[in-house]
There are 2 protein chains.
Amino acid sequence: MTSSIKRSISIPVDCDACAARVDGLCALYRANVLPLPARFRAADKRLKAGEDVFGAGETFDGIYNLVEGWVALYTLLDDGRRQILHFGLPGAVIGFQPDSRATTTYGVQALMDATFCFIPRDNLVRLVRECPEIAMRLASLMSRDRSLSFGHLTSIGRHSARERVSQLLLELFIRYRSQWPGHLIEELRMPLTQELIGDATGLTGVHVNRVLRELKRDGIVEFQYRRLRILDPDKLVQVAKIDPHLLAPWVRTQEDGDGTRAGPHPQLVRATRAAA
Amino acid sequence: MTSSIKRSISIPVDCDACAARVDGLCALYRANVLPLPARFRAADKRLKAGEDVFGAGETFDGIYNLVEGWVALYTLLDDGRRQILHFGLPGAVIGFQPDSRATTTYGVQALMDATFCFIPRDNLVRLVRECPEIAMRLASLMSRDRSLSFGHLTSIGRHSARERVSQLLLELFIRYRSQWPGHLIEELRMPLTQELIGDATGLTGVHVNRVLRELKRDGIVEFQYRRLRILDPDKLVQVAKIDPHLLAPWVRTQEDGDGTRAGPHPQLVRATRAAA
DNA sequence: CGCCCCGTTGACAAATATCAATATTTGTGG
DNA sequence: CCACAAATATTGATATTTGTCAACGGGGCG
């Protein structure tokens, strides 16, 4: 007997115990209908916090499956400023490109120690030929990422700083939590600094600080030294000005087909209530 | 003999003459390798300028293929403000959802008279079973949309008003032009108002106006009453602060496989030079 | 123990929004 | 072709939000 509780954390190579399998490309495997992409996997990659999976403008042939850790997709400006485009959580597919010659338009950085498994493009093509549902799954994942981007666009384009920061924290909380259904968490460790929050919301680190102090003063959320505590879930939902329709992409993408599914609203309510 | 030049404009139902076929889901057909989605098409839809394809929060079972006209994907805020998420040009796939129960997170409005063909979800699944490449094509299209969103996020989050407006105009010019390779245009009719530009760039219509007047004063671009003229392409590229890596998603997605392809830089240069 | 990254705070500057009035263009009907 | 209405663009004065710069504090980690 090698382990009990922490197995999925310490042995990322083992597909059967992979934590990322709850979501992402391999989610279908859980339904016992489809062959696991395991056979098509080539190598694993481990990075330390701060290292890049790849930089902007590179080409490479395949996709990375984020197994453990958080990553940030970002672009850099000439003057050194940065825009974070997306936070990738375990299960994320990283680096899919329309064709093998295309260069990436963004860089990807590990926000904490992270592990990936890599599927070469050729293998992906073979995998899809064998099992077209995988390609539809991939399309769904890309589509969900797009929806997340749409949410961020609305947030950055039309919301106030207070609303943007609130929305980001709520989003990450819900996305993180939806990976462990039934697991109640009151407090969440996030590998974020106020600077990173600013880079994601189109604000300055300094201004994020001001907003966070306000939110704490008002008893809504507390974020200090990478520790998030949600003090008043209902108020947070309210101040984040969430369009309920935008919620769907935050929770895990389900396989199409069987089963009833609760709408997004109760899920949000449950998710946030759990933290109170 | 029914026609000569304008055939593709007036007979949208005819797949063989469809203008959208240069891009989008049916692009593979041109390579004569794959069966046309035509057999799986269900119905056509025609809209007048200003009408909605669908609103936020709706569900529907299938995808729309934009054949003719421009559309805007948008979200609305409580107070009536709007954020435009994406402009869809002919060839765009509209309304793909991860599963059949998902509700849309955005609305889609026709910016001019537009026609679509509709492919029901069931047919799409059958089509993919028959030809998995279509699913990969769909994933590529979603991925490209995501990349476009990433570009907009960087623009809205970190660029000045002047840069944002310049970049949007340049993007639309290049995307439009890449649909007619070899066709030189000096002047482009766009179904946009300054208000629309503001909604897309996270600015106010009034402020967009001020920026446009500046750009005209500086001899860079002229945009008045839906007519875009690029006066100095090089300056425009410069002021738009385009990250060259972000350019790839602007030009048509090519089918993977054969053929050499020029990098994005010369394409941009050619595209913009043509307008001078 | 001490360093360094991160967070905190204040004064001030810059960019953009808001409000309101007026001008121009487009499209429509006669 | 003209007149008119509606939509869109233009401009100025002022308000608000957010950024910039600079200094200081505090906590974790070697």
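What's counted below: heavy atoms across the whole structure, side chains too, no hydrogens, waters or symmetry copies. Not measured: the values here are computed from a predicted model. Here is how names work: the chains are called A, B, and so on, in the same order as the sequence lines, proteins then strands, and each is numbered from 1.
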Can you tell which of C:dT16, D:dT18, D:dA9 lies closest to the side chain of A:Ser160?
->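 Closest nucleotide to the A:Ser160 side chain: D:dT18.
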Taking for each residue the nucleotide of DNA chain C with the nearest heavy atom, is it A:Phe223 or B:Ala161 whose nucleotide lies nearer the 5' end?
->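 Nearest nucleotide further toward 5': that of A:Phe223.
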Between [N] ([atom2]) and [X] ([atom1]): distance, integer Å:
X        : N      : atom1 : atom2 : result
B:Leu203 : C:dT18 : CG    : P     : 11 Å
A:Arg158 : C:dA17 : CZ    : P     : 7 Å
A:Ile156 : C:dT16 : CD1   : C1'   : 16 Å
A:Glu195 : D:dT20 : CD    : C1'   : 13 Å
A:Leu111 : C:dC5  : CG    : P     : 18 Å
B:Arg162 : C:dT16 : CZ    : P     : 11 Å
B:Glu163 : C:dA14 : CD    : P     : 17 Å

Give, ordered by number, those residues of residues 204-219 of chain B having at least one heavy-atom distance below 4.0 Å to an atom of DNA chain D; if nothing qualifies, reply none.
->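 Listed by number, they are B:Val206, B:Asn209, B:Arg210, B:Arg213.
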Flag, side chain of [X] to backbone of [Y], donor-acceptor distance under 3.5 Å:
X        : Y        : answer
A:Glu51  : A:Lys48  : yes
B:Gln109 : B:Gly50  : yes
A:Gln167 : A:Arg164 : no
A:Arg158 : B:Leu203 : yes
A:Asp79  : A:Arg81  : yes

Distances under 3.5 Å between nitrogen or oxygen atoms of protein and nucleotides 22-26 of chain C:
from   : atom 1 : to       : atom 2 : distance (Å)
C:dT24 : O2     : B:Tyr225 : OH     : 3.1
C:dT25 : O4'    : B:Tyr225 : OH     : 3.3

Is there a donor-acceptor contact under 3.5 Å linking the side chains of A:Tyr74 and A:Asp52?
->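 Their side chains do contain a donor-acceptor pair, which is all the 3.5 Å distance test asks for.
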Not counting sequence neighbours, list each pair that qualifies as a ring pair (Phe, Tyr, Trp, His ring centres under 6.0 Å) and has a residue in residues 146-166 of chain B.
->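 Qualifying pairs, neighbours excluded: A:Tyr106-B:Phe150.
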Report yes if at least one side-chain N or O of B:Gln194 is closer than 4.0 Å to OP1 or OP2 of D:dT10; otherwise report no.
->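 True: B:Gln194 side-chain N/O within range (under 4.0 Å) of D:dT10 OP1/OP2.
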Counting any heavy atom closer than 4.0 Å, what does A:Gly198 reach on the DNA or RNA strands: base, sugar-phosphate only, or nothing?
->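 The residue A:Gly198 makes no contact with any strand.
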Quick one: sort the B:Tyr176 and B:Trp70 rings into parallel, tilted or perpendicular, breaks at 30° and 60°.
->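 B:Tyr176 and B:Trp70: tilted rings.
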Under a 4.5 Å cut-off applied to non-hydrogen side-chain atoms, are A:Val71 and A:Phe87 in contact?
->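 Sidechains of A:Phe87 and A:Val71: no contact.
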